[in-house]
2 protein chains.
Amino acid sequence: MAVATASRVLSGSDHPVSARTRAKVLAAAAKLEYSPSALARAMVSPHSGLVGVLVSDIVNPYFAVIARGVDDVATRAGYVTMLSNVDRRTDTEIGRLRAMRDYRAAGVIFAGSGYVDDPRTPDLVKAVSRAREEGIRAVSLADRDLGCPTITVDNRAAAHDITDHLVSLCHRRIAFIEGPPGMTVTQHRRDGFLAAMSTAGLAEGAHCVPGGFDFEAGHAAAVRLMARPPLPDAVLAANDEVAVGALSALRQAGIDVPGEISVAGINDLRVAQHVGLTTVSLPLYEMGSMAARHIVESAQGEDAGDSATTTLSHRLITRETTARRTSTA
Amino acid sequence: MAVATASRVLSGSDHPVSARTRAKVLAAAAKLEYSPSALARAMVSPHSGLVGVLVSDIVNPYFAVIARGVDDVATRAGYVTMLSNVDRRTDTEIGRLRAMRDYRAAGVIFAGSGYVDDPRTPDLVKAVSRAREEGIRAVSLADRDLGCPTITVDNRAAAHDITDHLVSLCHRRIAFIEGPPGMTVTQHRRDGFLAAMSTAGLAEGAHCVPGGFDFEAGHAAAVRLMARPPLPDAVLAANDEVAVGALSALRQAGIDVPGEISVAGINDLRVAQHVGLTTVSLPLYEMGSMAARHIVESAQGEDAGDSATTTLSHRLITRETTARRTSTA
DNA sequence: CAAGTTGGGGAAAACGTTTCCCGGATTCTG
DNA sequence: CAGAATCCGGGAAACGTTTTCCCCAACTTG
């Protein structure tokens, strides 16, 4: 028996093999508990069967959900997921992309957003472009043009929609706790908030305060807000964690939410359900799974659409932290 | 120039190469933007430079923190992390282990706990043993003997300690919301609770109720508890999420925590800090990073201790959801 | 019965490294 | 100055697959 024969039956080639030989090979493979080396296989294949995902921090549930979406479809398709935390550093991103490129990943997914005017972004774009020339697929999952297919949501519209909701609840003076300074997603969400307020003729009532993306930022921002009366009618936070932080600070101070002030977030992570937070639901899992699906399908030759941008829809989720304004401030 | 020469200067061999030649190689490599194939390198190395981590669900922050610990040291050591979600299914675990074995991972880390009397565990143990024979290191991070080095905490002691704390606060009737039925960690934490209650002479006051590991389970358990008065003096939950769920149900029902009832959890995840939950802090990040360190060091030949079990210490964290009992029930 | 056809299987190349072995050139040593 | 030691660089094997090319045997058909 030659190795070629074994390979033919084990890897399901179209080259005909007699039933007898096939059985012999199968028996031998079973006895030896043989499992082909994915490495050697990768050497002769266009890719290694690895799918990479670059997240800012896997501990952040936002990214964990995306990663879960990626891994689920990757695994189902027979791939293995590679994960790297890049802490929002473009340099690190470039480095990890390179590492995954060295493994001839079928594709790499960029889950994180970037900074506006980041001087290193051009280098990343160049790195992505070179990786793609080598046959490594890339997908961006954020408001960031990496010169590759992008699957994202309209963060402006999301912020706009939830602001509209707050406005429809008769809130006139609304504070927006921003995300981390300089991030594209921060800008987009702020833009959406501001645009909605403007359109509602409430530009005067719009008040942006610096924040971040974590609980502490929301807590601190709310504390600062309370230190400088009058309190706004509502607080929109850049994301759910910030909203929960703000909520916590407000309630700690004895302020009734939503009685005296409404609070809303963006993302609809688990924590939002738990505290009954009004928010806008983003299809994070779908973004991850779609990105992975794009990669495995395109790796299978079924060339999916190229550098197109797919915008997934968001959905307003009203819960208990927002209510119609009743006070006559 | 021969490939061998290039390899020598690029991979830092001890074989001498003249400065002139070295410079030429370096220049050529720079011009070509050459980066060695990790795959080809893996073919001739004892391992591929990949480190695998098997988690139940990366969306669960418990595992996300572990994964983060793994990835941080793996990346620093020049490795790349592979991630797989196994949803607590031993079969899936076996399958993913096999996939990672096919990639000749330097090691695989089992982050999840198992079920008692799981009929498939012996198969997993066998699979681990075979993987180790092939030079693939394995580390277990839970109360589960996989025939490999184990880095874990003493869940019994953790539950015991926090129960002691509750008892020291004069709570006599304490309900314990259990983890998912059948899991080893569920059993251990329950054992610790029961033992502490017994030792305190409070066996009568110990009341175990079925639960799970998520917010909903805690919420539901608390609702059931309230439906069947009298309310216990305190509730200890199998983990933080359950505790937060219970907390939420209790407060929703207008019950004052910690005034009327104390609530405590286990794990000390971010959510525990946010709601001010008394809990016991588990060194999750350290478990992940230690496991990864064990793997990379042992892969470098510095043979770390073998199948020894390392037990990391936990720490009681008292916050605002527990207080001394004042009511005269 | 001869020639063509087809089914089945083997040999070898290719993927890109690292490392072992060897030979030529240079330098040191006696 | 001869021999030996040293220094450098090249050739080739090995890692484990898949795939292409080729060949042989058996069967079919005229």
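So that the names make sense, note that chain A is the first sequence line, chain B the second, and so on, each numbered from 1. Because only heavy atoms are used, hydrogens play no part in the values below, and waters and symmetry mates are left out as well, while side chains stay in. Because the structure is a prediction, the values reported are computed rather than measured.
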Presence of [X] side-chain N/O under 4.0 Å of [N] phosphate oxygens OP1/OP2:
X	N	answer
Ser18(A)	dG8(C)	no
Ser45(A)	dT18(D)	no
Tyr34(B)	dT17(C)	yes
Ser37(B)	dT17(C)	no

Classify [X] by what it touches in the nucleic acid, base, sugar-phosphate, or nothing, heavy-atom distance under 4.0 Å.
X	result
Val44(B)	base
Ser7(A)	base
Ser11(A)	sugar-phosphate
Ser13(B)	nothing

Quick check for you: among [options], whose closest atom lies nearest to any side-chain atom of [X]?
X	options	value
Pro16(B)	dG16(C), dG9(C), dC7(D)	dC7(D)
Val17(A)	dA11(C), dG9(C), dA12(D)	dG9(C)
Thr5(A)	dG10(D), dT17(D), dG10(C)	dG10(C)

Ignoring hydrogens and geometry, is there a side-chain-to-backbone donor-acceptor pair from [X] to [Y] under 3.5 Å?
X	Y	answer
Asn60(A)	Tyr62(A)	yes
Thr21(A)	Ala19(A)	no
Thr75(B)	Asp72(B)	no
Thr186(B)	Pro180(B)	yes

Nearest whole angstrom, please: distance from the [atom2] of [N] to the [atom1] of [X].
X	N	atom1	atom2	value
His15(A)	dG8(C)	NE2	P	8 Å
Met43(B)	dA14(C)	CE	P	16 Å
Arg20(B)	dC7(D)	CZ	C1'	15 Å
Leu10(A)	dT18(D)	CG	C1'	12 Å
Arg22(B)	dG10(D)	CZ	P	14 Å
Asp102(B)	dC15(D)	CG	P	18 Å
Asp14(B)	dT18(C)	CG	P	13 Å
Tyr103(A)	dG16(C)	OH	C1'	14 Å

query: Hey, does the side-chain of Arg8(A) have a donor or acceptor N/O within less than 3.5 Å of a partner on the base of dG8(C)?
result: no
query: Are the aromatic rings of Tyr79(B) and His47(B) close, with centres under 6.0 Å apart?
result: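 Centroid separation for Tyr79(B) and His47(B): below 6.0 Å.
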- prompt: Any luck finding a side-chain donor-acceptor pair between Ser84(A) and Arg96(A) under 3.5 Å?
  reply: yes
- request: Tell me which of Val3(A) and Ala19(A) sits closer to the 5' end of DNA chain C, going by the nucleotide each one is nearest to.
  value: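 Result of the comparison: Ala19(A).
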